[in-house]
> 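Before I ask anything, let me first share the structure, which is written out below as structure tokens.
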2 protein chains.
Amino acid sequence: MAPTDDPAVEAWQLLWRLMQANKPRFMALAQEMGLAPMQLHALRLIEPGDGVPMSSLAGKLFCDNSNVTGIVDRLEAQGLVQRRPAEHDRRVKTLVITDTGTKLRGEVERRMSVPPPPLAGLSEEDAVALRDILSRALDV
Amino acid sequence: MAPTDDPAVEAWQLLWRLMQANKPRFMALAQEMGLAPMQLHALRLIEPGDGVPMSSLAGKLFCDNSNVTGIVDRLEAQGLVQRRPAEHDRRVKTLVITDTGTKLRGEVERRMSVPPPPLAGLSEEDAVALRDILSRALDV
DNA sequence: TATTGTTATACTCTATAACTATA
DNA sequence: TATAGTTATAGAGTATAACAATA
């Protein structure tokens, strides 16, 4: 680790390392589910019930609308989501997750919610402290 | 946040949210530097001085060797790194960062080391605790 | 006029398989 | 035979600009 005495900087470096270490796990899950990484990200953002406008999904994925068209095309081709015209504004298309999509998404959420080994190995006391600090950081 | 009483699970969800929130900052930095995201990642992994074998870089980027060929092609075309045959094994090519690359990488490191707003806003006490907990988690 | 989503285009990233040059 | 890197190929993600439908 680069030498610094700022605890926030050091925490940030460690956090980055932790997320890097988790990457293979995420990639393996995507492959197992038969989804490309971005498709997996997108599926997680389409909760059962509410219809998500395409542009809203683009915002959450930090990419362009034109990009979402292709991602949703592929999810739709796999029968995981459906495009549906919005009632209030016929320019808008909302995304609704299908039953198949809901099942797959549930499994994804279950697997992704499992903390990676470094976190799972923390003492109860550390885990609680970590959760509380992050809650304060994110103001939730 | 999904309802759970496991502090490690909740910490993990918060961590994920924190990293998601940081994504636009990373993308903006990459764009500002004139590098595609993977090129930026790769450049960070090539420290001045030591020659990194291509396959080693592939491992760190969690992608295939054939993939690294293109990424390094583009970094080399921009004069940021150089391929150099390894002495001990002439099949291996090591990557050496150029002076231009070193300058750009230094600026990237400076910018990336700045903690994102949620972390920067923590109290000194919380920041220290967070650093210490993550150090224990990652065993460093 | 402005906005949503699509299309066209060009480029980057990705893995697999076949190839080369070494070992 | 085995390994490091390249090439060829095909698919996926990316942004920009032009477009159609709607507001």
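Residue numbers begin at 1 in each chain, while the letters A, B, ... track the order of the sequences. Atoms considered below: every heavy atom in the structure, side chains included; atoms not considered: hydrogens, waters and symmetry mates.
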> Taking only the side-chain nitrogens and oxygens of B:T69, find out if one of them lies under 4.0 Å from OP1 or OP2 of D:dT6.
yes
> Between atom CD in B:Q82 and atom C1' in D:dG5, what is the gap in whole Å?
18 Å
> Does the B:E10 side chain pair with the main chain of B:D6, one donor and one acceptor, at a distance under 3.5 Å?
no
> In whole angstroms, how far is the P atom of D:dA8 from the CG atom of B:D73?
12 Å
> Whether B:R131 engages the ring of A:W12 as a cation-pi pair (distance to the six-membered ring centre under 6.0 angstrom, angle to the ring normal within 45°) should be assessed.
no
> What is the distance, to the nearest angstrom, from the CZ atom on B:F62 to the P atom on C:dC13?
17 Å
> Give the rounded distance in Å between these two atoms: NZ of A:K93 and P of D:dT22.
10 Å
> Check for me, please, whether A:L18 and A:V9 land in the same ILVMFWY cluster - side-chain distances under 4.5 Å, paths through other members count.
no
> Hey, can you pull the residues of residues 18-44 of chain A with a non-hydrogen atom under 4.0 angstrom from DNA chain C?
none
> What's the CZ-C1' distance between B:R74 and C:dC11, to the nearest Å?
8 Å
> With nearest nucleotides of DNA chain D determined for A:L61 and B:R83 from heavy-atom distances, which residue corresponds to the more 5′ nucleotide?
B:R83
> Any heavy-atom pair between the side chains of A:L95 and A:R84 that's under 4.5 Å?
no
> Closer to the 5' end of DNA chain D via nearest nucleotide, is it B:V68 or A:G70?
B:V68
> So how far is it from A:Q78 CD to A:L43 CG, rounded to the nearest 0.5 Å?
9.5 Å
> Figure out the CG/P separation between B:N65 and D:dA4, and round it to whole Å.
7 Å
> Using atom names, set out every protein N or O paired with an N or O of nucleotides 17-23 of chain C below 3.5 Å, distance rounded to 0.1 Å.
from   : atom 1 : to    : atom 2 : distance (Å)
C:dA23 : OP1    : B:R90 : N      : 3.1

> Classify the angle between the aromatic ring planes of A:W16 and B:H41 as parallel (below 30°), tilted (30 to 60°) or perpendicular (above 60°).
tilted
> Do A:N67 and A:I71 come close enough that some side-chain heavy atom pair is under 4.5 Å?
yes
> Do B:T94 and B:V52 come within less than 4.5 Å of each other through their side chains, counting heavy atoms only?
no
> Rounding to a whole Å, what distance do you find between A:L95:CG and C:dT4:P?
14 Å
> Is any side-chain heavy atom of A:N65 less than 4.5 Å from a side-chain heavy atom of A:M54?
no
> C:dC13, OP1 or OP2 - any side-chain N/O from B:N67 closer than 4.0 Å?
no
